[in-house]
4 protein chains.
Amino acid sequence: MEFSEKQLEILHVAEKLFATSGFDGTSVRDIAHEAQVNVAMINYYFGSKDKLLDDLFTYRVEKFKMDESILQLTIPVMDILDEMVKSYIKYMNSSLAIYHILAIEAGVKKRLMLSDSYKNLKKHNLNVISSILQKGVDAGEFRSGNDPILIHATMMGTFMNFQMNRSFLKSELNLTTDEEYSQYMESTLVIHLQRTIKALLTYEY
Amino acid sequence: MEFSEKQLEILHVAEKLFATSGFDGTSVRDIAHEAQVNVAMINYYFGSKDKLLDDLFTYRVEKFKMDESILQLTIPVMDILDEMVKSYIKYMNSSLAIYHILAIEAGVKKRLMLSDSYKNLKKHNLNVISSILQKGVDAGEFRSGNDPILIHATMMGTFMNFQMNRSFLKSELNLTTDEEYSQYMESTLVIHLQRTIKALLTYEY
Amino acid sequence: MEFSEKQLEILHVAEKLFATSGFDGTSVRDIAHEAQVNVAMINYYFGSKDKLLDDLFTYRVEKFKMDESILQLTIPVMDILDEMVKSYIKYMNSSLAIYHILAIEAGVKKRLMLSDSYKNLKKHNLNVISSILQKGVDAGEFRSGNDPILIHATMMGTFMNFQMNRSFLKSELNLTTDEEYSQYMESTLVIHLQRTIKALLTYEY
Amino acid sequence: MEFSEKQLEILHVAEKLFATSGFDGTSVRDIAHEAQVNVAMINYYFGSKDKLLDDLFTYRVEKFKMDESILQLTIPVMDILDEMVKSYIKYMNSSLAIYHILAIEAGVKKRLMLSDSYKNLKKHNLNVISSILQKGVDAGEFRSGNDPILIHATMMGTFMNFQMNRSFLKSELNLTTDEEYSQYMESTLVIHLQRTIKALLTYEY
DNA sequence: AATGAATGAGACTTCATTCAT
DNA sequence: TATGAATGAAGTCTCATTCAT
């Protein structure tokens, strides 16, 4: 799907506002005002508020697909794992708005959950993780029997927890700006997750 | 604060509906109808819809306070850790409705985040975790230098991830009923988290 | 169904405006303004604009049921026929507004046509006419083989034609006021219809 | 007035939609879509939605003018009357769409009623009827004192009644298709009206 | 203490029309 | 001549809240 420049602006504004105030908490008027367009234009361009959310999701969903080419890299599987975690967090962090929306609205049953592209995204990412695990088991580096679902939930859940408790954690971690917070996630949090997953995969009980 | 029987019924209904449809997605009329009370009664009892959410939170918040008495148990620190994880997930799972609300609405900046009781809850739980970590380090069982914030984020984030992707994961895990899903979380998920945290705390890089 | 005084006022105003400007041509705002009530009150009382039309119809429909007691009168069947025509036109004329609406909106397929009470009304009236015809045939006064549907269509169609061309016919008939027009219909038009139907029923080809 | 091919297509589509859903119930977008033209083109070609209705009326009005040449036929006046009724119903039936519109929208005061061509049409038709009546009286076949207005109202009203209660009458008369219904009107209904008017004009009270 | 009635504000959406090209 | 883009106005309806009782 192709979006005009105005449409893109609307999408970006909507993304920000949905992330800040939720879908129901954001009015079409708010979006129109912030995007400096006519109220009617949102419906003119997207048909309805619901379809705007759909389009926003479609527009952003590609970003969250894990890059499966890392599987082909001729580097130790441990490094592939590290790379995967790092990229995933980095991508999510770079468009945290849509992820925030996704996390919030996915819970409210009626909406995105039903979306096929959402399911496909999830399945794709689980497959990538699954392949890495298999590669590690084959190389004798990982214990077998680990569930990619649990790995993914740990990685993504921990990240989301940081997103959703931003203001509390910011003060708790003495991080003053959003940039610092962002850097924290891309460094400290990434390392934590890399260590956590690695420990889990190699730990002997 | 003391709530009358009618007030409690309203709170319980509100909890369910907020969890299902979000705060904005639930109207005062919906609550009144489901609780079989007059629409005006919600405002009469709670002042406003916002204050109803506050009261609901206050009413439930105690549940989510980690039990600090486990620190006094004369059992190996490893078992204390296991117990903490197990109880925490169990409590959250037993009142997932409020937790769902909390997770969703906490993200929407204007609301609960500001609440002092929310901050206090978080701080309390971090302190309990911190104490356990210290105990483990003192006993020579845990590596030092672990941040309770990261531990907590991992535990709670992973759990929340299971909450928010319920329908997708249910089908992915071949769990047909909510009871099965609930059992999965209280068994498999708990074990996963226990292992994960333990691995992390003892792993040598 | 019971209507409060305010509801009745709204119904009356709606009746007038629907008759004047059609259903689509009348806005809820118009009704609210003319009835001097809040715009929200229309929905508060009736649920929706569509349901308002339903209720209006239900409220008025009784008026248009032909009085079947005339069948019991011990007078010549010819007089029963005259009486039927006279009463029918008189009743229709006394609440022409709703009849206007009915005629107009019945044509627009989606609406009232489907309503059961509309069908029942029609069937009832056809039955009364049918009974009168039978009585006349039995008495040897009417030819047999007349279809009540055609009789009814003639009577009602002619009346409606006068309703729908009011302003043209008013000037054509040199009637200056609506009262004069109304009187014309209750006298001249009634006589015309009585004669027409009588002629039709007794005429030998 | 001359209409281009595109304009004609628009007119035809508009005619159909107005007849189906009423003037207010039909949007310019609907027309444009069905006619496969740009939305702006309706205004470009016709100036406004209202003027489109005017033009549609002007375009169709000729059809409803009674053919006055029948007055010159050297056949019994009774046959002239029969012919007039037959042709009138046939013409109306052949373009019932516009007639439907006319009947509906003529009632809504603001519009077509004001149109001069509408008045002229009515006057023309009344004159034709009047001439036939006179011819019959002169020939000693009709009673004098009959008002052409009442004759016309009876004929047109009865026909319109069949138009506006199509779906009810279709089921009542066991006619399954629109074609059957159409045939019914051009045969049974025509005969009914011919008999009715003839009876009325010759009946002795 | 409790509630039915009422309402102002604002939600989303559709409309006929205009404008720049 | 023709049209895609854009928009102000208005539509219906729902909302949380208040008020009189």
Side-chain angles (χ1 to χ4, degrees), chain A residues 4-7 10 21 23-33 35-53, chain B residues 4 6-7 10 14 23-33 36-53, chain C residues 4-7 10 21 23-33 35-53, chain D residues 4 6-7 10 14 23-33 36-53:
Chain A
S4 74
E5 219 160 307
K6 277 254 170 84
Q7 281 176 303
I10 293 171
S21 315
F23 180 79
D24 289 321
T26 304
S27 79
V28 174
R29 265 182 180 76
D30 294 338
I31 299 170
H33 181 259
Q36 288 177 299
V37 298
N38 192 283
V39 208
M41 192 176 276
I42 273 88
N43 285 310
Y44 174 64
Y45 274 146
F46 299 97
S48 72
K49 193 188 175 191
D50 274 322
K51 274 205 79 268
L52 169 62
L53 182 60
Chain B
S4 74
K6 278 238 172 105
Q7 282 175 305
I10 293 171
F23 181 79
D24 288 320
T26 303
S27 76
V28 172
R29 263 179 181 70
D30 293 337
I31 300 170
H33 180 260
Q36 290 176 296
V37 299
N38 192 282
V39 210
M41 194 178 268
I42 273 91
N43 281 327
Y44 176 64
Y45 274 147
F46 299 96
S48 74
K49 194 188 175 190
D50 275 324
K51 276 207 77 267
L52 167 62
L53 182 60
Chain C
S4 73
E5 220 160 306
K6 277 252 170 86
Q7 280 176 305
I10 293 171
S21 314
F23 181 79
D24 288 322
T26 304
S27 78
V28 174
R29 266 183 180 73
D30 294 338
I31 299 170
H33 181 260
Q36 289 176 297
V37 297
N38 192 284
V39 208
M41 193 177 276
I42 273 87
N43 285 310
Y44 172 65
Y45 273 147
F46 298 97
S48 74
K49 193 188 174 189
D50 274 322
K51 275 204 79 269
L52 168 61
L53 181 59
Chain D
S4 75
K6 278 241 172 100
Q7 281 175 305
I10 293 171
F23 180 79
D24 288 319
T26 304
S27 79
V28 172
R29 263 180 181 71
D30 293 337
I31 300 170
H33 181 260
Q36 290 177 298
V37 298
N38 191 283
V39 211
M41 193 179 269
I42 273 89
N43 282 327
Y44 176 63
Y45 273 148
F46 299 96
S48 76
K49 193 189 176 190
D50 276 322
K51 274 206 79 267
L52 169 62
L53 182 59

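Fair warning: this is a prediction, and the values are worked out from it, not measured in the lab.
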Starting from [atom2] on [N], measure out to [atom1] on [X] and report it in whole angstrom.
X     : N      : atom1 : atom2 : answer
A:Q7  : F:dG4  : CD    : P     : 15 Å
A:K49 : F:dT14 : NZ    : C1'   : 13 Å
C:I42 : E:dG8  : CD1   : C1'   : 14 Å
C:M41 : F:dT14 : CE    : C1'   : 15 Å
D:I31 : E:dA16 : CD1   : P     : 8 Å
A:D30 : E:dA11 : CG    : P     : 6 Å
C:F23 : F:dT12 : CZ    : P     : 8 Å
B:F46 : E:dA2  : CZ    : C1'   : 14 Å

Would you mind classifying the nucleic acid contact of C:T26 as base, sugar-phosphate or nothing, using non-hydrogen atoms under 4.0 angstrom?
sugar-phosphate
Acceptor/donor pairs from residues 37-48 of chain B side chains to any protein atom, 3.5 angstrom cut, sequence neighbours excluded:
from: B:N38; atom 1: OD1; to: B:A40; atom 2: N; distance (Å): 2.7
from: B:S48; atom 1: OG; to: B:D50; atom 2: N; distance (Å): 3.4
from: B:S48; atom 1: OG; to: B:K51; atom 2: N; distance (Å): 3.1

Map B:V28 and D:K6 onto DNA chain F by nearest heavy atom, then report which one ends up closer to the 5' terminus.
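With B:V28 and D:K6 compared, the 5'-side residue is D:K6.
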What does the list of N/O pairs under 3.5 Å between the protein and nucleotides 18-21 of chain F look like, with a distance for each?
none

Below 4.0 angstrom from OP1 or OP2 of F:dT14, is there any side-chain N or O of B:S27?
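So the side chain of B:S27 is outside the cut-off, no N or O lying under 4.0 Å from OP1 or OP2 of F:dT14.
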Hey, does the side chain of B:N38 come within less than 4.0 Å of E:dA2's phosphate (OP1/OP2), counting only N and O?
no
Determine the minimum heavy-atom distance between B:G25 and B:D30, stating which atoms define it.
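Of all heavy-atom pairs spanning B:G25 and B:D30, the closest is O-OD2, 4.3 Å.
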Nearest heavy atoms of B:D24 and A:S21, plus distance in Å
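Scanning both residues completely, I find the closest heavy atoms to be OD2-O, 4.2 Å.
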From B:S27 OG over to B:R29 CZ, what is the distance, rounded to the nearest 0.5 angstrom?
7.0 Å
Check if the side chain of C:R29 and the base of F:dA10 share a donor-acceptor pair of N or O atoms closer than 3.5 Å.
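Answer is no: no donor-acceptor pair is held.
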Using side-chain heavy atoms (C-beta onward) and a distance below 4.5 Å, is B:V28 in contact with B:L52?
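In short, these two side chains do not touch, never coming nearer than 4.5 Å.
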Pull out every stem in DNA chain E, meaning runs of 3 or more consecutive Watson-Crick or G-U wobble pairs with both distances under 3.5 Å.
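DNA chain E stems, ordered by first number: E:2-21 with F:2-21.
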